[in-house]
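Notes to accompany the following structure.
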Amino acid sequence: MRRRAFVFVLCVIIVMLRRPDAIFHAQFWAEDGKMWYADAYHWGIQSLWHPATGNVELLPRFVAWVAQILPFYAAPLFFNSMGIVIQILPALFLMSPRCRELGSIEIRGLLAFLYLALPNTYEMYINIANAQWRLAFLVLLVLFAEPGGKAIWKIFDYLILGFGALTGPFIILAVPVAVVMFFTNPRKRRRLELCLIAVAGAVIQMLVLIETAGADRPVHAARDASLQMLIRLLAKQVFLAPLLGWRTIGKYSLESKWGFRVAIAAALFGIAIELFVFLKSPRYLKLFLAFAAGILAVSLANPTTAPPQWPNLLAAGGIRYWFFPMLAFVACIVWFLESGNPVWLRGAGSLLLLIMLFGLIQDWGNPRPKDLRFQDYARQFEEAPSGTSVVIPLNPEGWSMELMKR
């Protein structure tokens, strides 16, 4: 129990050290205010099932609905606190005995730390708007882990799979993982239950996606998509950013003659590592690599950035699209260090981690959102008469939320 408490406190400290303003100067971030909180304020419990961007988004809407019991000025702090909890849950679960088949305690501890310290992720750090990506990672870990015998573990699994299935489209790509784990694990009853939850969630998300196609946002073609652009994206955002940090690699477009040669070398190097690990690693890592590749493919096929999308993605550091591909690459490097691997492979892993230390230091302190004086607007809203519409600016720049005072 003491070890679990120590790990929990350590995870919270790591997360808060990278974004202390999320607690001490809490503000809404993007959809947290504009969509989740505003919808819950205006619609109440009915907002829980209202689709957004073509999907059911239960987790952020549930957090926003619960936040209605708090004073308005405390809502951003509640959102960020829940964001911290959701962010550290995968690290805590990874360190639990249920994940012992995923590697030694040292290997899992290293991966948990790198997950929390991952460079090039500032857009999704401590907020509910992008917490679904971290929830999806926890869903995968639950599917990979040994089923827990205690009732509390059963409840935990059902809650995580339930929320994960009804939060974003990730469950669609997680279904093959659930099916494979069901057919290859001797403890099939729990695996079957988790598989059925995943399948049911995927069916719901696909039906909602079909019903709301094109209703929430316009769908653009992936303009300026090319093999050259793909190579530069993979090199810069997936393979070099976690090693060198976005503050270093973000300065370069890799468009010049020599820059593109570096991009080719980096992309081939990263792909070679992942192919090697895919062939040699245990089943769970193969499935994780396949899942991350699927996430990247879907993200690039239908990005939500303004046209031209791929060039904009090349310049966009710290965004959610790179989370799973980078984490898969880092997981490959960590797997190199397994004690059963040859000395040369462990040496290569140690060298890459030494390089990555530079990237961790570069991106440790996430960019601070602009202080938009939320508390001043909160007082203005509380003092406004019923029926008054109050517009509150949000981060990032250009976002705002509008509330009609009840």
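For the numbers below, each heavy atom of this structure counts, side chains included, while hydrogens, waters and symmetry mates do not. All values derive from a computational prediction rather than experimental measurement.
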Checking [X] now: which residues fulfil ring-ring contact (aromatic ring centres under 6.0 Å, His included) with it, not counting sequence neighbours?
X      : answer
Phe323 : none
Phe324 : Phe291
Phe381 : Tyr41, Phe72
Trp49  : none

Would you confirm whether the ring centroid of Phe269 sits within less than 6.0 angstrom of the ring centroid of Phe239?
no

Taking the side chain as C-beta and beyond, is there a heavy-atom pair between [X] and [Y] under 4.5 Å?
X      : Y      : result
Phe276 : Ser281 : no
Tyr321 : Met326 : no
Asn130 : Trp29  : yes
Val390 : Lys405 : no
Tyr37  : Asp32  : no
Leu233 : Trp322 : yes

With a sphere of 6.0 Å drawn around [atom1] of [X], does it hold more than 12 non-hydrogen atoms of other residues, nucleotides or ligands?
X      : atom1 : result
Phe183 : CZ    : no
Phe278 : CZ    : no
Trp133 : CH2   : yes
Glu382 : CD    : yes
Glu402 : CD    : yes

Which residues share a side chain to side chain contact (heavy atoms under 4.5 Å, CB included) with [X], sequence neighbours left out:
X      : answer
Leu360 : Phe113, Leu114, Ala117, Pro119, Met356
Pro60  : Trp36, Glu57, Ile128, Thr167
Pro367 : Tyr122, Arg247
Met404 : His42, Ser389

Main-chain N/O of Ala22 paired to Asn80 side chain as donor or acceptor, under 3.5 Å:
yes

Can you tell me how far apart [atom1] ([X]) and [atom2] ([Y]) are? Round to the nearest 0.5 Å.
X      : Y      : atom1 : atom2 : result
Leu138 : Ile88  : CG    : CD1   : 11.5 Å
Leu209 : Asn55  : CG    : CG    : 6.0 Å
Arg232 : Glu255 : CZ    : CD    : 4.5 Å
Gln87  : Met124 : CD    : CE    : 7.5 Å

Any luck finding a side-chain donor-acceptor pair between Arg406 and Ser386 under 3.5 Å?
no

Could you report the tightest heavy-atom contact between Ile171 and Gly201, atom names first, then the distance?
CG2-C, 3.7 Å

Taking all atoms of both residues into account, what is the closest heavy-atom pair of Val180 and Arg283, and its distance?
CG1-CD, 3.9 Å

In terms of the angle between their ring planes, are Tyr115 and Phe137 parallel, tilted or perpendicular, with boundaries placed at 30° and 60°?
tilted

In residues 152-166, what donor-acceptor pairs under 3.5 Å come from side-chain atoms, sequence neighbours left out?
{"unit_1": "Asp157", "atom_1": "OD1", "unit_2": "Arg98", "atom_2": "NH1", "d": "2.9"}
{"unit_1": "Asp157", "atom_1": "OD1", "unit_2": "Arg98", "atom_2": "NH2", "d": "3.3"}
{"unit_1": "Asp157", "atom_1": "OD2", "unit_2": "Arg98", "atom_2": "NH1", "d": "3.4"}
{"unit_1": "Asp157", "atom_1": "OD2", "unit_2": "Arg98", "atom_2": "NH2", "d": "2.9"}
{"unit_1": "Asp157", "atom_1": "OD2", "unit_2": "Arg190", "atom_2": "NH1", "d": "2.9"}
{"unit_1": "Tyr158", "atom_1": "OH", "unit_2": "Glu193", "atom_2": "OE1", "d": "2.4"}

Please determine whether side-chain contact (heavy atoms from CB on, under 4.5 Å) holds for the pair Phe170 and Val139, giving the CA-CA distance in whole Å, both sets of side-chain angles, and the decisive distance to 0.1 Å.
CA-CA 9 Å; Phe170 304 97; Val139 166; over 6 Å; no

What ring pair (Phe, Tyr, Trp, His ring centres under 6.0 Å) pairs are there with at least one residue in residues 385-406, not counting sequence neighbours?
none

Scan for salt bridge (charged side-chain N to carboxylate O under 4.0 Å, His left out) pairs involving residues 9-22, sequence neighbours excluded, and state none if there are none.
Arg19-Asp21, Asp21-Arg368

Glu274: partners by salt bridge (Lys or Arg N to Asp or Glu O under 4.0 Å), with sequence neighbours left out:
none

